[in-house]
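Residue numbers start at 1 and run along the sequence shown.
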Amino acid sequence: MPLSISENEILVGLGEGPVTQRLDRSNRHGVVAGATGTGKTVTLQVLTQAFSDAGVPVFAADVKGDLSGVAIPGTPNEKMLARAASMDLVLAPAAPPVIFWDLFGQKGHPIRTTISEMGPLLLSRLLELNDVQEGVLTIAFHVADKDGLLLLDLKDLQAALKYVADNADEIGTQYGNVAPATVGAIQRKLLTLQTQGAEHFFGEPALDLSDIMRTDAAGRGYVSLLAADRLIQSPKLYSTFLLWLLSELFEVLPEVGDPEKPKLVFFFDEAHLLFNDAPKPLLEKIEQVVRLIRSKGVGIYFVTQNPADIPDGVLGQLGARVQHALRAYTPADQKGLKAAAQSFRVNPGFDTAETIQALGVGEALVSTLDEKGAPRIVQKTLIRPPASRLGPLTPQERAALHAESPVAGVYDTAEDRDSAYEILQGRAAQAQRQAEAERQEAEADQRATAEAKVREREAAREARESRPRASGRQTMVEAFAVTLVRTVASQAGRELMRGLLGGLSGGASRRRRR
């Protein structure tokens, strides 16, 4: 007899009966955990297609490339058909509509955001800045906003930091000390980030969130599949991007409470990367987003090896739990196993911790929320087989599906409008032109002054030479006469002076003789 489930449920697998997930509780988040090779990817594929068939858009990170097979109807093998038969399922090949995305633009549409939308907090995590450096980065954002400088890409941020360093004295009096050495350290980290390919992520056109929340003509939700095999090599960029996406959804979407079904379901693979080495302010922000975003109709499902990878403040908010097998070889493993077992509502029919270790591939312990939002008793569950293909797409298949994308041509060509870099470059060029004009004006003034002095000397010389004379040049006779007159006058003067002086001298002598 075929399994019977209600319209507001999706089938996860078979335990003591059908194991289902209520759509109206799917915004209460969840976790899919288990060791490598235990079937997490297949479970993720089953949930992805089930949500899509129910009209719920899905965003999922494809870390290993295996999840891409969800885009192609499957060809069930004997093992899958046998499993379906044991669950009274008719396994009909099917696949949801898929849009491929890739931050680097190689295996899907590029995803971009601007530096301003990322903000200083997330960017500081991405750059691994200390408190002082984060403070200077925040000042740069504030100054850029105040001066009307758009921060769109990495070169805009570099230009803004240089502007802050060049005006450190003035800016420091308003916002606090800005050390050039600190600015230089941030710029070096930006350069490192750029060499890792992050320049592809920052820029325009920025992602329109409505494009990851689409449904097709048949009412099925589009599965937005992020190619993360290369991205995962830069774990800080990977986790920061996904956290940014959650933050944007939280900021943009309206409050809806508990809808009949989610507006979007978000699968975060390798979830431990989000929390590794995260500073306390960032962890608090993550907890806040996870706690509040459910009222926006968004469900977040963390996919990781062990629930212990997730902080208690976040783990306590996850309603649905799918736990594949765990191995407890070390004390740390045993501690994680105990924590995983204690997170379930006890089933008196088996020991939870022992069962987790004994699970086979494709088996899991599953607990979901009931109509009141309370956890159901955990059940040992045989996960249903997927209707789509197991395994990755070929490059040719991916290219063919990508060509039919509903957002083809929207994001594929980068734009570079005038922003902080261009504005500051323009200001610098204008200042240089003004300085050059002032220099040329000063040189022109100096030349004009020098030429004026030359003209004055020429005019004076010409005035002297143009005074009236009997003739233009003295003759030899005239010159001799002038010389003679000067000589006679000089001799007469000397004789007159001698006479006067002599008279005075003689008179004095005579007076003494008397």
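The CD atom of Glu117 lies 11.5 Å from the CG atom of Leu151; values are rounded to the nearest 0.5 Å. Separating the NE2 atom in His109 from the CG atom in Leu226 is a distance of 12.5 Å, to the nearest 0.5 Å. The line from OG of Ser52 to CG of Leu47 is 12.5 Å long, rounded to the nearest 0.5 Å. Atom CG of residue Leu209 and atom NZ of residue Lys263 lie 13.0 Å apart, to the nearest 0.5 angstrom. Here CG of Leu369 is found 11.0 Å from NE2 of His29. Values are rounded to the nearest 0.5 Å. Taken to the nearest 0.5 Å, the OG1 atom of Thr381 stands 8.5 Å off from the CE atom of Met87.
When all heavy atoms of Leu137 and Ile186 are compared, the closest pair comes out as N-CD1, 4.1 Å. The nearest pair of heavy atoms linking Leu11 to Gly13 is CD1-O, 3.4 Å. Scanning all heavy atoms of the two residues, the minimum distance from Pro259 to Gly297 falls at CG-CA, 4.1 Å. In this structure, Phe141 and Ser116 approach most closely via the heavy-atom pair CE2-CA, 4.1 Å. Contact record, Ala71 with Leu401: CB-CD1, 3.7 Å, taken as the closest heavy-atom pair. In terms of heavy atoms, Phe350 sits closest to Val378 at CZ-O, 3.9 Å.
The side-chain contact (heavy atoms from CB on, under 4.5 Å) with Val314 is formed by just one residue from the set Val290, Ile300, Val31, Val289; it is Val290. The salt bridge (charged side-chain N to carboxylate O under 4.0 Å, His left out) test with Asp258 singles out one residue from Arg28, Arg294, Arg22, and that residue is Arg28. Checked against Phe268 for a ring pair (Phe, Tyr, Trp, His ring centres under 6.0 Å), the options Phe241, Tyr238, Tyr301 give a single hit: Tyr238.
Within 6.0 Å of the NZ atom in Lys189, the count of heavy atoms belonging to other residues, nucleotides or ligands exceeds 12. Heavy-atom neighbours of Asn77 CG from other residues, nucleotides or ligands within 6.0 Å: above the threshold of 12. The environment of Lys236 atom NZ is dense: over 12 non-hydrogen atoms of other residues, nucleotides or ligands sit within 6.0 angstrom. More than 12 heavy atoms of other residues, nucleotides or ligands lie within 6.0 Å of NZ in Lys296, so this atom counts as buried by the packing criterion. Within 6.0 Å of atom NZ in Lys380, 12 or fewer heavy atoms from other residues, nucleotides or ligands are found, so the atom counts as exposed in its surroundings.
You'll find the ring centres of Tyr411 and Trp101 inside the 6.0 Å limit.
Judged by distance alone, the side chains of Ser367 and Arg321 never bring a donor and an acceptor atom under 3.5 Å apart. A side-chain donor-acceptor contact under 3.5 Å links Asp156 and Ser419. A donor and an acceptor atom, one from each side chain of Thr36 and Gln305, are located under 3.5 Å apart.
Lys107 forms no cation-pi arrangement with Phe100, by the criterion of a distance under 6.0 Å to the ring centre and an angle within 45° of the ring axis.
Aromatic ring orientation, Phe302 versus Phe275: tilted (interplanar angle from 30° to 60°).
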